[in-house]
**Q** 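Before anything else, here's the structure in question.
We're numbering straight along the sequence, starting at 1.
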Amino acid sequence: MTSGRHGLQPRKQPRQARAELTRQRILTAAAHVFAEYGYAAGTTNRIAERARVSIGSLYQYYPNKDAILVELLTRHLDAGEAAVRRRQQEELPDSLEEIMRGLVRTAIENHLDDPRLLRVMVEHGRQVPGLIEKMARRERERIAYIRELLESHPEAVVEDTEVAARLIVTTIERVVHVLIAAPDTVDPARLENELVAMVIRYLTGAPAGPPVVAETPGERSPTTR
């Protein structure tokens, strides 16, 4: 993806219902084309043909396929953010495990529409500066939310809640992204159960002891004398 930032913006914002329908058809067609052919072979000609519009009409809305992918990615991120906010506004279960299960399930559900399209978005979305900033902001908000949760929940025994919150948010996001988008995708129910189990064991396990200091050659620890 080499287009400048200006070239990633849609050219035309629909003001009429008919124009909005055309834009929706282009985006839907692009999602299918990218999933079927991959990004390199997912040309604007193929997208226009799938959307049943002329290539000229497509270019009235988007200057190139990079701009189309950016819009698809933005919608994906916005949908995920809205789902997380709805979950956060609900009354939380008492159990820490059920709270984490809700977060994991929301992340998985937001990635199930089309794993093949998700692979394209994961591979190429990292090259878009505006989206990187958006993802970073969203991640900071989730980390703050989890940190507050860990500080107030009696079942959480982690001492460094800031690091723990970063680990939880990063683990859930990255694991779900990678395994749902993988060619040999994991069953969502199994992924949910195992990921929740891993997170809960970390959050509720006994604190680790002091780090072991390696002895230098010729020296013995005072406790071993």
Side-chain angles (χ1 to χ4, degrees), residues 31 35 72-126 128 131-212:
L72 288 173
L73 270 163
T74 300
R75 291 185 173 210
H76 171 73
L77 292 174
D78 288 346
E81 188 168 3
V84 169
R85 290 189 183 280
R86 286 194 299 270
R87 178 76 66 176
Q88 292 175 349
Q89 291 169 0
E90 296 174 357
E91 184 176 353
L92 292 177
D94 293 331
S95 166
L96 184 61
E97 178 176 345
E98 288 308 309
I99 294 173
M100 291 297 121
R101 185 173 297 278
L103 295 175
V104 170
R105 183 172 296 171
T106 299
I108 292 174
E109 289 175 349
N110 191 44
H111 294 82
L112 287 179
D113 286 345
D114 195 326
R116 295 177 301 172
L117 175 61
L118 179 60
R119 286 199 295 274
V120 173
M121 292 196 293
V122 168
E123 291 170 2
H124 297 276
R126 297 171 183 169
V128 184
L131 290 178
I132 293 173
E133 295 165 8
K134 185 183 186 73
M135 293 169 67
R137 175 185 56 78
R138 186 184 69 168
E139 189 171 77
R140 288 193 298 270
E141 292 174 353
R142 292 189 183 183
I143 288 171
Y145 172 78
I146 297 296
R147 186 186 66 245
E148 292 178 6
L149 175 67
L150 297 179
E151 289 173 350
S152 61
H153 202 287
E155 293 181 41
V157 298
V158 288
E159 296 181 1
D160 191 333
T161 55
E162 172 67 22
V163 172
R166 291 188 179 194
L167 285 172
I168 295 304
V169 171
T170 302
T171 298
I172 292 175
E173 283 293 314
R174 301 297 187 270
V175 168
V176 170
H177 265 296
V178 171
L179 294 187
I180 293 296
D184 51 342
T185 182
V186 178
D187 175 71
R190 291 176 59 194
L191 174 59
E192 176 185 315
N193 289 334
E194 294 303 314
L195 188 50
V196 170
M198 182 177 71
V199 168
I200 287 299
R201 285 175 187 144
Y202 163 62
L203 292 177
T204 62
V212 177

**Q** Could you measure the distance from the CG atom of D94 to the CD atom of E155? Nearest 0.5 Å is fine.
**A**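 Going from the CG atom of D94 to the CD atom of E155 covers 9.0 Å.
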**Q** Can you find a pair of side-chain heavy atoms, one from V176 and one from N110, that are under 4.5 Å apart?
**A**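 No, side chains not in contact.
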**Q** Starting from the C-alpha separation in whole Å, work towards a yes-or-no answer on side-chain contact (heavy atoms from CB on, under 4.5 Å) for V163 and V158.
**A** CA-CA 9 Å; V163 172; V158 288; over 6 Å; no
**Q** I need the R142 CZ to R137 CZ distance, nearest 0.5 Å.
**A**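 One finds 10.5 Å between CZ of R142 and CZ of R137.
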**Q** How many angstroms lie between atom CD1 of I143 and atom CG of L167, to the nearest 0.5 angstrom?
**A**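 Answer rounded to 0.5 Å: 9.5 Å.
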**Q** Any donor-acceptor pair under 3.5 Å linking the side chain of T171 with the backbone of I168?
**A**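 Judged by distance alone, no pair lies under 3.5 Å.
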**Q** How many angstroms lie between CD1 in I172 and CG in L103, if you round to the nearest 0.5 Å?
**A**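 The CD1 atom of I172 sits 5.5 Å away from the CG atom of L103.
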**Q** How long is the gap from CG on L96 to CG on L203, to the nearest 0.5 Å?
**A**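 If we round to the nearest 0.5 Å, L96:CG and L203:CG are 5.5 Å apart.
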**Q** Using a 6.0 Å cut-off, check whether atom CZ of R138 has over 12 heavy atoms from anything other than its own residue.
**A**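 Buried by this count: over 12 neighbours within 6.0 Å.
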**Q** Going through the distances and angles, do E148 and T161 end up as a side-chain contact (heavy atoms from CB on, under 4.5 Å)?
**A** CA-CA 8 Å; E148 292 178 6; T161 55; over 6 Å; no
**Q** Does CD in E151 sit with more than 12 non-hydrogen atoms of other residues, nucleotides or ligands closer than 6.0 Å?
**A**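 Check passes, neighbour count above 12.
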**Q** Specify the closest pair of heavy atoms between L150 and A156, including all atoms of both residues, with the distance to one decimal.
**A**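 That closest heavy-atom pairing would be O-CB, 3.7 Å.
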**Q** Please test L92 against L149 for side-chain contact (heavy atoms from CB on, under 4.5 Å), starting from the C-alpha separation and ending with a verdict.
**A** CA-CA 10 Å; L92 292 177; L149 175 67; 4.0 Å; yes
**Q** With a 4.5 Å limit on heavy-atom distance, are the side chains of E97 and V199 in contact?
**A**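 Heavy-atom side-chain distance check fails, nothing below 4.5 Å.
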**Q** Got more than 12 heavy atoms from elsewhere within 6.0 Å of CG, D187?
**A**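 Yes, because the 6.0 Å sphere around CG of D187 holds more than 12 heavy atoms from other groups.
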**Q** Mark yes or no for whether H153, through its side chain, and S95, through its backbone, hold a donor-acceptor pair below 3.5 Å.
**A**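 No: the side chain of H153 does not pair with the backbone of S95.
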**Q** When you compare the side chain of M100 with that of L195, does any pair of heavy atoms fall below 4.5 Å?
**A**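 No - every pair of side-chain heavy atoms lies 4.5 Å or more apart.
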**Q** With sequence neighbours excluded, tell me which residues meet ring-ring contact (aromatic ring centres under 6.0 Å, His included) with H76.
**A**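 Listed in chain order: H111.
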**Q** Supply the atom-to-atom distance R105 CZ to E192 CD, rounded to the nearest 0.5 angstrom.
**A**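 Between atom CZ of R105 and atom CD of E192 there are 4.0 Å.
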